[in-house]
Every structure is written in C-alpha cells, then in structure tokens.
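Notes follow the structure.
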Amino acid sequence: MFLNKQLLITSFFIAFITMLVAIIIPELFKVPYAFYNVVRLLSFSSLGYIAYYLFKQKDVFLLFFIGMFTILYNPLMPVYLTRPIWIGIDILIILTLIIAFYRFFTNKKLIIEMEKKESNSDCKISEELKKLEEYYINAKVR
C-alpha cells in the first residue's frame, strides 16, 4: 500500500462527515443499532488510513490520538460507552482531524514529495503499460 493524496483527502472527508452524522442524526431521529455499525465501519477504515499516513510520516503526536480513536471504532470488538461519552469522543475526533488536515496542507514539502511518488511509481505494471502505449503509438505512425 502506498500513500495516495486523493485517498488521504477522501479519508479525511469521510471521517469528518461520519463524525458529524454520528452526532447529529441520533439526536434528530431514533436510529437502529445498524446505524452505529455503519458509523463504526466508516470511521475505522478512514481513521485507519489516516493513522497509516501519520505512521509513514512519523508524526507520533497525531498518530497516538488517531490510533486510539481507530481502536475505539474497531468493528470487530466494539467498545460500549454511553451516548454523552461518544459525543465527546466524536468532538475530539473532529478537532484532531482539523488539526491533522491543517498540518497536512501546510507542509508543502510533504505534498510535493507525495506527488513525485505518485508520478514516479515503481509499479512494474505501469511501466509495462507505458511500453505498450509507446509501441502502439509507434505502430500507428508507421
């Protein structure tokens, strides 16, 4: 698995929206338990990718918090807490995501490095596809 800028931004977006929905929807409507399973799954996957990114960037401070939140939203072994505690945790996650998102976009060096890695992918399949494309273009010219 490699770092992908679009996937990272999407993970931030999914985690942020999921936390907002987890706070607002149960206050307005009576929701079934399956709603919380979906919230748990979306949160776990998006927070897990953000934690992976922070691990690769060696950002230990944010990794600690995002990692703890990822463990709390683990869908295989759910943690059962009261509703007010979950609302507090969701607000903490939103604040942590805002800080992490801000740190990501203010670090221009990291963004340039990620874009270089995306363009210079060392994937053998992409190299072979480029060779096939060049061959096809050369064959078409003749």
Side-chain angles (χ1 to χ4, degrees), residues 1-140:
M1 183 181 217
F2 58 94
L3 297 176
N4 186 336
K5 184 178 169 186
Q6 282 86 16
L7 185 58
L8 182 64
I9 292 170
T10 305
S11 294
F12 273 110
F13 180 74
I14 290 172
F16 187 77
I17 295 299
T18 304
M19 293 303 115
L20 286 177
V21 166
I23 292 171
I24 295 170
I25 296 295
E27 294 297 326
L28 299 176
F29 307 104
K30 184 175 178 161
V31 293
Y33 188 73
F35 170 81
Y36 296 106
N37 288 337
V38 171
V39 167
R40 196 174 282 126
L41 187 64
L42 287 173
S43 300
F44 179 75
S45 59
S46 58
L47 290 173
Y49 187 77
I50 295 168
Y52 171 74
Y53 163 78
L54 293 170
F55 173 75
K56 285 294 192 180
Q57 298 306 319
K58 296 176 176 66
D59 191 347
V60 178
F61 179 72
L62 283 174
L63 174 63
F64 174 76
F65 286 107
I66 298 290
M68 292 303 293
F69 296 141
T70 304
I71 292 169
L72 274 175
Y73 276 97
N74 181 359
L76 299 177
M77 294 178 58
V79 176
Y80 299 102
L81 300 172
T82 62
R83 178 87 181 116
I85 294 174
W86 278 117
I87 289 175
I89 290 171
D90 291 342
I91 291 171
L92 282 175
I93 292 173
I94 288 172
L95 294 175
T96 306
L97 288 172
I98 291 170
I99 292 168
F101 195 73
Y102 176 77
R103 285 177 73 171
F104 170 70
F105 276 109
T106 56
N107 194 346
K108 298 293 182 188
K109 181 181 160 190
L110 261 174
I111 294 171
I112 292 170
E113 183 180 309
M114 283 181 77
E115 288 173 351
K116 282 182 183 177
K117 282 182 181 179
E118 286 178 10
S119 64
N120 295 331
S121 119
D122 53 357
C123 178
K124 298 294 181 189
I125 295 174
S126 61
E127 290 175 11
E128 294 300 320
L129 287 174
K130 286 179 186 176
K131 288 178 187 177
L132 282 173
E133 184 179 356
E134 289 174 11
Y135 176 76
Y136 177 73
I137 290 171
N138 291 336
K140 208 173 191 182

Residues 90-101, side-chain donor-acceptor partners within the protein, below 3.5 Å, at least two apart:
residue	atom	partner	partner atom	Å
Asp90	OD1	Tyr73	OH	2.2
Thr96	OG1	Leu92	O	2.8

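- Under the ring pair (Phe, Tyr, Trp, His ring centres under 6.0 Å) criterion, Phe44 pairs with no residue at all, not counting sequence neighbours.
- The distance from the CG atom of Leu47 to the CE atom of Met68 is 12.5 Å, given to the nearest 0.5 Å.
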Pair up each side-chain donor or acceptor in residues 81-89 with any protein partner under 3.5 Å, not counting sequence neighbours, and list the distances.
residue	atom	partner	partner atom	Å
Arg83	NH1	Ala22	O	3.4
Arg83	NH2	Ala22	O	3.3
Arg83	NH2	Ile23	O	3.2
Trp86	NE1	Leu81	O	3.4

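- One distance of note links CZ of Phe104 with CG of Leu54; it measures 10.5 Å at 0.5 Å rounding.
- With sequence neighbours excluded, no residue forms a ring pair (Phe, Tyr, Trp, His ring centres under 6.0 Å) with Phe35.
- Looking at every heavy atom in both residues, Thr70 comes nearest to Gly48 through OG1-N, 3.8 Å.
- Side-chain atoms of Pro26 and Tyr36, non-hydrogen and from C-beta on, do get closer than 4.5 Å to each other.
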When the side chains of residues 8-21 are checked against the rest of the protein, which donor-acceptor pairs come out under 3.5 Å, sequence neighbours left out?
residue	atom	partner	partner atom	Å
Thr10	OG1	Gln6	O	2.7
Ser11	OG	Leu7	O	2.9
Thr18	OG1	Ile14	O	2.5

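- The salt bridge (charged side-chain N to carboxylate O under 4.0 Å, His left out) contacts involving residues 9-22 comprise nothing, where partners must be two or more places apart or lie in separate chains.
- Ring centroids of Phe61 and Phe65 are separated by less than 6.0 Å, placing the two rings close together.
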